[in-house]
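None of the values given here were measured: they were computed from a predicted structure. Note on naming: letters A, B, ... go to the chains in the order of the sequence lines (proteins, then strands), and numbering restarts at 1 for each one.
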Amino acid sequence: MKHRTRTTLALAGTIALLAACSTEDPDAGGGGGSAEGDVETGSGVTDDTITVGMLTDLSGPFAAGAAVQVTQTQAFYDRLNEEGGVCGRDVEVEVQDHGYDPQRAVSLYRSMAPNIVALQQVLGGPTSAAVLPLAEADGMYLGGHGWAGVALEYENAQIPGTTYSIEGANAVDYLVDELGLAEGDKIGVVYFVGDYGSNSLEGAQHAAEERGLEIVPQEITPRDTDLSAQVSALQQAGVSGVILAAAPAQLASLAGVMASQGMDVPIVGNTPTFGPSLLETTAGPALLENFYTVTSIAPYSLDEPGVEEARELYEAADPDGELGWEVPLASAQARLLTTALERACEEGDLTPEGVVAAMRQTSDLDTEGLFATPLDYTEVTEPPTRTVYVSRASADAPGGLEVLGTVEGPSAQSYTFG
Amino acid sequence: MSYFLTQLANGLSYGLILGLIAVGFVIVFTSTGVLNFAHGSVLLTGAYLVAVLQDPIGFWAAVLVGIAGAALLGVLINAVLVRNLAEANPGTAAILMLGVDILLLTELTRRIGNRVLPIGAPWGADVVTFGGITLPTSRAIAAGLAVVVFGVLWFLFARTGAGVAMRAAAADGDTASLMGIRLTRTGAAGWALAGALAAIAGIFLASFPSPGIAPTLALTAFAAIPAWVLGGFDSVVGAIVGGLIIGVVTALAVGYESDLHFLGRGLGEVVPYAVMILVLLVRPSGLFGRQEAVRV
């Protein structure tokens, strides 16, 4: 008897697994019919709902920031639905947890694809790299994958702002044009190896060549939270500024050690380097003194209508939540997809391919300050903008960053992709 | 010269902290035969307790709770999971520990979130300077304390009945058991000791120049694995020496990377394992490991 139960269980498991692995035609599911005039629909769209997917990290290393984005995305669509939704339909979000595991992300994508019209988000570099080619083959929109330059190879990917490389190039331009570095100076670049940090380094290297500076690279991993040795090496090399493409723990160590060794030079970080809780650590004073950040997405404190709306939504949805760049980012990503869905509806093609085509017709899109300039997605291999926000650490601004302005330096303009 | 000495002092102090972690690996392995891959999350648990309690009850009281908490967690893992294994197979236990590590780490990640929790130590971000060398005060204290702790361990193992019982149990469990030594007790003592050492290491690893407690702290424990292995798996002295070697080699590799650029970037990450492999090639049982008796 026991054996039979076991066999049945094994069989059931196998069948479930096979079902999950089956590569069903993404166009097969969904309504097929049309409530709104003659809109063609495919997977993920019925007469009264549009379903979009989020593959995110709710149990892995980026769980905390990812949860903020889920909360904010949900709040955005709840409000949108109250206001009438898109194409006469409510937008529903299907959230799945890939735990930062590319293999799991692929399986989840396979099981989700027949039920969604677009992927609002695949969070994480390695996870989105695994899903992007599959989604491209299915003609499925994929957004919210971060800012790695590799995404510009895919027609179906909508990058939320510019790339890490353009951030890195702008960082060098800003150091030279505003923070007093000159030709012949050295800039340290401390970076995570991989599609984030290495991409930022490429941009910085290009800019340094253009402006006649020298880059001193220091490669690290997320495990390195004591950067004493790296700072000593940078000090020995005599750098006049440091660019950091890492995470908050590394930023705090870098700033703290530099201050303790009397290294009073500016630090410019990419978007993911800063978190407001850093100001409460021992590195707080050093950060207030020397930390700047270049970001595609507006910082939490920016006074522009798009960001104000995001703040208001978030504070209602999670009054005790952490105030970071994830909040405006999630709003911006949801706005990008909503724009594509609305255009697809107007064009009468609300299939996954129709959404991608509509996204690629988006030009001169105003996001009310969520991004630094209007966005243009008509060229696949070009970033939609090359302008970034520049902010510095501030004890008074909500989210810990005070916006100084926007930058699109000469090296950011001359950087080529491909 | 002072650059070299600074990097050397950095490496030695970091190496002593690695030694504290590596000794924990050794003690658990010799007392219960378990490759404790949950050591990192035990370390993080101890440090996390200090970070959340330092505000309400003060830093020093929080340190005591953190150390006791990590020791207790070790004892619990041993009592509830390890001792209930049907057969004492190192492979099974190691995989079980990986599972425990994932569970603990997921819960701690959920609690810590994307914050960096300050440890609130009185030495803050101070540095000490002597003879042209600048060293964070926390590292200088860590180095001194580690030496004291190693001294206490030597005394414990060499001069006390409980320590001798633990060594006997490690050397030959069956015989020790026949001699009236209770292996459950020596096992529990080993896990408690390892947990306490991990918590102490965690407090210093989360102090300046590190910013505080973040979930990645648990991964730092894995940096002690090369130290443990090259020291010889079952030798406390080996673990300490291994920690020092790995600490110094890593600091120098990072510090002189620009002169070693023909070896590529990110040298500090690879060098501990390269050194470990080199040592194992020359001495397959590690620097101080017990030679396996081979019968021909």
Side-chain angles (χ1 to χ4, degrees), chain A residues 58-68 99 191-193 198 201 216-237 247-262 275-278 280-286 321-322 324 326, chain B residues 3 6-7 9-11 13-14 17 102 105-106 109-121 123-127 134-139 205-220 222-223 250-258 261 264-269:
Chain A
L58 297 175
S59 57
F62 299 101
V68 171
Y191 67 102
F192 283 168
V193 64
S198 304
L201 175 67
V216 182
Q218 284 283 338
E219 184 180 303
I220 55 168
T221 70
R223 213 183 65 195
D224 295 314
T225 54
D226 167 7
L227 301 189
S228 308
Q230 285 83 359
V231 170
S232 297
L234 292 179
Q235 192 172 28
Q236 181 80 350
Q250 286 74 28
L251 171 59
S253 178
L254 182 82
V257 177
M258 280 171 59
S260 77
Q261 302 198 0
S277 66
L278 293 187
E280 291 153 30
T281 66
T282 48
E322 176 106 334
E326 291 91 349
Chain B
Y3 177 70
T6 300
Q7 293 290 26
N10 259 327
S13 60
Y14 179 60
I17 302 179
I102 290 170
L105 201 52
T106 306
T109 305
R110 187 184 70 79
R111 282 170 179 269
I112 298 169
N114 53 357
R115 294 173 297 161
V116 176
L117 305 177
I119 194 91
W123 46 82
D126 300 344
V127 290
T134 309
L135 195 66
T137 309
S138 68
R139 283 291 153 85
L205 284 174
S207 294
F208 184 77
S210 291
I213 315 278
T216 46
L217 187 61
L219 298 177
T220 313
F222 288 112
T250 308
L252 293 182
V254 175
Y256 288 94
E257 193 182 279
S258 56
H261 59 86
R265 283 186 219 134
L267 209 53
E269 206 44 43

[X], part contacting chain B, at a heavy-atom distance under 4.5 Å:
X	result
A:F192	neither
A:Q230	both
A:A249	both
A:V257	both

Tell me which of these, [options], has more heavy-atom pairs under 4.5 Å with chain B than the rest.
options	answer
A:V231, A:D226, A:V68, A:L58	A:D226
A:A283, A:P217, A:P248	A:P217
A:G324, A:A255, A:P285, A:A233	A:A233
A:G256, A:A237, A:A67	A:G256
A:P222, A:S228, A:G275	A:S228

Side-chain donor-acceptor contacts of residues 207-218 of chain B below 3.5 Å, not counting sequence neighbours, with atom names and distances?
unit_1, atom_1, unit_2, atom_2, d
B:S207, OG, B:W123, NE1, 3.4
B:S207, OG, B:I203, O, 2.8
B:S210, OG, A:T225, O, 3.0
B:S210, OG, A:T225, OG1, 3.3
B:S210, OG, B:L205, O, 3.0

* Side-chain donor/acceptor of A:S277 to backbone N/O of B:V116, under 3.5 Å -> yes
* Taking the side chain as C-beta and beyond, is there a heavy-atom pair between B:E269 and A:D224 under 4.5 Å? ->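 In short, these two side chains touch, coming nearer than 4.5 Å.
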* Structure fact -> Ranked by heavy-atom pairs below 4.5 Å to chain A, first place among B:T134, B:V254, B:I112 goes to B:V254
* To do: For A:Q218, enumerate each residue passing the side chain to side chain donor-acceptor pair (under 3.5 Å) test, keeping only those at least two apart in sequence or located in another chain.
  => none
* Asked: Which bit of B:T220 comes within less than 4.5 Å of chain A, counting heavy atoms only: side chain, backbone, both or neither?
  ->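 Contact with chain A involves both backbone and side-chain atoms of B:T220.
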* What are the two closest non-hydrogen atoms of A:S232 and B:Q7, and how far apart are they? ->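 Minimum heavy-atom separation between A:S232 and B:Q7: CB-NE2, 3.4 Å.
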